[in-house]
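A short write-up of the structure that comes next.
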Number of protein chains: 2
Amino acid sequence: MSGPTGTGEPAAPATARRPRRDAEANRRRIVRAGREVFGARGLQATLNDVAHHAGLGVGTVYRKFSDKRALAEVVFGEELDEIAAMARDALDRDDAFDALAEFLERALARAAHNRGLRELMRQGVAEGTGLARARREIHSHCERLVEQARDQGGLREGVTAADIARIAVMIDAVMALPAEQPAGQPTEQPSELWRRYLVIILDGLRAHRHQPPLPEPTEARRPRRNHPARSTTKPSTG
Amino acid sequence: MSGPTGTGEPAAPATARRPRRDAEANRRRIVRAGREVFGARGLQATLNDVAHHAGLGVGTVYRKFSDKRALAEVVFGEELDEIAAMARDALDRDDAFDALAEFLERALARAAHNRGLRELMRQGVAEGTGLARARREIHSHCERLVEQARDQGGLREGVTAADIARIAVMIDAVMALPAEQPAGQPTEQPSELWRRYLVIILDGLRAHRHQPPLPEPTEARRPRRNHPARSTTKPSTG
DNA sequence: CCATAAACGGATATCGGGTGTCCGCTTCGT
DNA sequence: ACGAAGCGGACACCCGATATCCGTTTATGG
């Protein structure tokens, strides 16, 4: 991430004096705390929260990261890079549809435990940051995966990489749900309910005999059409 | 919130003096403005906003509705009642799956133009309000619809009314997306993209030959299991 | 071991925006 | 026309996030 250093820290002179050992360690502690706090409480956690969680003073945090955005950029940059790696791995699989499905499952499982990451993806990522780079990498891997899956005949006609991103958004929405507990157990562990809907959606994404084309290839054209929610395999006798 | 009257206004004595004509008219204007403003800008719009939009002073609004919640309750009560009516209508159709699909489509089309309504559904509805009543009515209609659709063999095994609600939440999530415009037109009309995903999900909801059971019937049990995202009709040669 | 610069801590000033009140003015209704 | 009911909207209040400032502590190397 050198060259276009857009990470948020004040640039040091080329002939940089080596910083104090403990200062470097603290920086790492802050990033770690950031990951934990943002993960658990979301982006709305304050840098004060992060500082306290790291066992450090607010001042220290603000000296190393000009503001919350700067820290978030580092924290979620790492996170996104790991997800990009998952996508890269998926490219090696034989069955592209399965690869896509498993990638989604792995990436979303990661997101399920990381509220901040989910919020970040929802509100989008500023161009020119390391985040944007990782996001782009993920997207391009997905494009290739989608293409392969379609060539292999496993994927419904008309599905694009953009769809994959939006499916992630949808699944994310059910993760964000209040998580009602029907009866007893006070355990507040993250619900696994989202997997249920991933299965449903993946089944809707598979190639079948006589599927009608999906509406709205990718833009918001043509508000014409009467029953856009009517689709495949009607239970008709035919 | 005494007795069943839970609408939010300060209760008047039983022998109520008829209010001034203009006062009543203003109340209606406020509700109308509330519907428009909350619909367009979401729940975070202030009562000041609503007042201004209604062409009235803030004081007037606060005299009639103690706070934003009170107004929202009236505004979205009406809205939810209309959706409940849609669900009731659906019960008359012959094919229950189609009825369900069309209900979803109609209700979501409504939601697509009403940001406030969507926000409200996302964050849930306080028990004891008129909203909760309407929500319950919708839910129970959905239950019947789901039951019928399953009996008719059109619906995948294990789908419940709660799923329907969560599907609405998922679709809502794509409505909330920033709505990127790929090229030219500056028109900011509400995207119809969500229909695409409704189709996909409905296809995943239809009964097919040899579908495996959905994971997690309704609660968050069993974190065991290795590939929960693997499902139907593998492109296997069989 | 001391001197000194670097790093730290955290109390606190600042800011911003939503909320809801208050009271002088206007309008309705009789 | 007169009093009560209703209205308007400036503004005081509140709350929480942000970021600074400076006295104190600590690493480092001479």
Side-chain angles (χ1 to χ4, degrees), chain A residues 7-13 15-34 37-38 40-75 115-116 119-120 123 126, chain B residues 8-13 15-34 37-38 40-75 115-116 119-120 123:
Chain A
T7 335
E9 301 94 300
T15 322
R17 197 187 188 64
R18 175 179 289 99
R20 260 212 238 166
R21 196 87 38 77
D22 57 335
E24 253 177 287
N26 280 340
R27 161 175 251 275
R28 256 173 266 123
R29 288 169 87 202
I30 291 168
V31 173
R32 207 153 74 79
V37 171
F38 287 148
R41 294 214 273 288
L43 256 22
Q44 44 76 43
T46 73
L47 280 201
N48 288 32
D49 290 335
V50 174
H52 183 262
H53 188 80
L56 296 172
V58 210
T60 305
V61 171
Y62 274 96
R63 198 167 317 102
K64 307 201 178 291
F65 299 94
S66 53
D67 59 9
K68 191 174 9 191
R69 278 258 292 90
L71 177 57
E73 214 161 295
V74 173
V75 164
R115 185 168 154 191
E119 288 174 5
L120 191 88
Q123 66 192 233
Chain B
E9 300 93 305
T15 322
R17 200 184 188 66
R18 175 180 289 100
R20 262 211 236 167
R21 195 87 39 75
D22 58 335
E24 253 176 284
N26 279 340
R27 161 178 251 273
R28 254 173 268 124
R29 290 222 266 157
I30 291 167
V31 173
R32 205 153 76 80
V37 171
F38 287 147
R41 294 215 273 287
L43 255 23
Q44 44 77 38
T46 73
L47 280 202
N48 289 32
D49 291 335
V50 174
H52 182 261
H53 188 80
L56 296 172
V58 210
T60 306
V61 172
Y62 275 96
R63 198 166 316 104
K64 309 205 177 286
F65 299 93
S66 53
D67 58 10
K68 196 183 349 201
R69 277 257 294 90
L71 177 57
E73 215 160 295
V74 173
V75 165
R115 185 167 154 191
E119 288 174 5
L120 191 88
Q123 67 193 233

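What you see is a predicted model; the values in this text were computed from it and never measured. Numbered from 1 within each chain, the chains take letters A, B, ... in sequence-line order.
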By nearest-nucleotide position on DNA chain C, the 5'-leaning member of B/Asp67 and A/Gly57 is A/Gly57
Which atom of B/Val61 lies closest to which atom of B/Leu47, heavy atoms considered
CG1-CD1, 3.8 Å
Closest to the A/Val58 side chain, choosing from D/dT18, C/dA11, C/dT21:
C/dA11
Interatomic distance, CG@B/Leu71 vs CG@B/Leu43, rounded to 0.5 Å, equals 10.0 Å
Rounded distance (Å) that lies between atom P of C/dG20 and atom CG of B/Leu71:
12 Å
Pick the closest DNA chain D nucleotide for A/Gly59 and for A/Gln44 by heavy atoms, then say which residue is nearer the 5' end.
A/Gln44
Find the distance A/Asp22:CG to C/dA5:P and express it as a whole number of Å.
17 Å
Under the side chain to side chain contact (heavy atoms under 4.5 Å, CB included) test, which residues partner A/Ala40, sequence neighbours left out?
none
Does C/dG20 have its OP1 or OP2 closer than 4.0 Å to a side-chain nitrogen or oxygen of B/Lys68?
no
By side chain to side chain contact (heavy atoms under 4.5 Å, CB included) - contacts of A/Ala72 (at least two apart)
A/Phe38, A/Phe76
Could you give the CG-to-P distance, from A/Leu56 to D/dT25, as a whole number of Å?
17 Å
Residues A/Glu119 and A/Gln44: closest non-hydrogen pair is OE1-N, 4.1 Å
Nearest of C/dC8, C/dG29, D/dC7 to any side-chain atom of B/Thr60?
D/dC7
A/Leu43 CG to D/dT18 C1', in whole Å, measures 15 Å
Hits for side chain to side chain contact (heavy atoms under 4.5 Å, CB included) against A/Val37, two or more places apart or cross-chain, chain-then-number order -> A/Arg41, A/Ala45, A/Asp49, A/Val50, A/His53
Which value, rounded to the nearest 0.5 Å, describes the distance between B/Arg28 atom CZ and B/Arg32 atom CZ?
11.0 Å
Taking atom P of C/dC8 as reference, at what distance in whole Å does atom CZ of A/Arg27 sit?
11 Å
By nearest atom, which of the nucleotides C/dT21, C/dC8, D/dT18 is closest to the B/Tyr62 side chain?
C/dT21
Find the distance B/Arg29:CZ to D/dG6:C1' and express it as a whole number of Å.
13 Å
For nucleotides 23-26 of chain C, give me every protein contact, N/O to N/O, under 3.5 Å, one pair per line with atom names.
none

So CG of A/Asp22 and CD of A/Glu24: to nearest 0.5 Å the spacing works out to 9.5 Å
Mind checking what makes side chain to side chain contact (heavy atoms under 4.5 Å, CB included) contact with B/Ala54, not counting sequence neighbours?
B/Ala33, B/Leu56
May I ask you to list the residues of residues 46-55 of chain B, by number, that have any heavy atom positioned under 4.0 Å from an atom of DNA chain C?
B/Thr46, B/Asn48
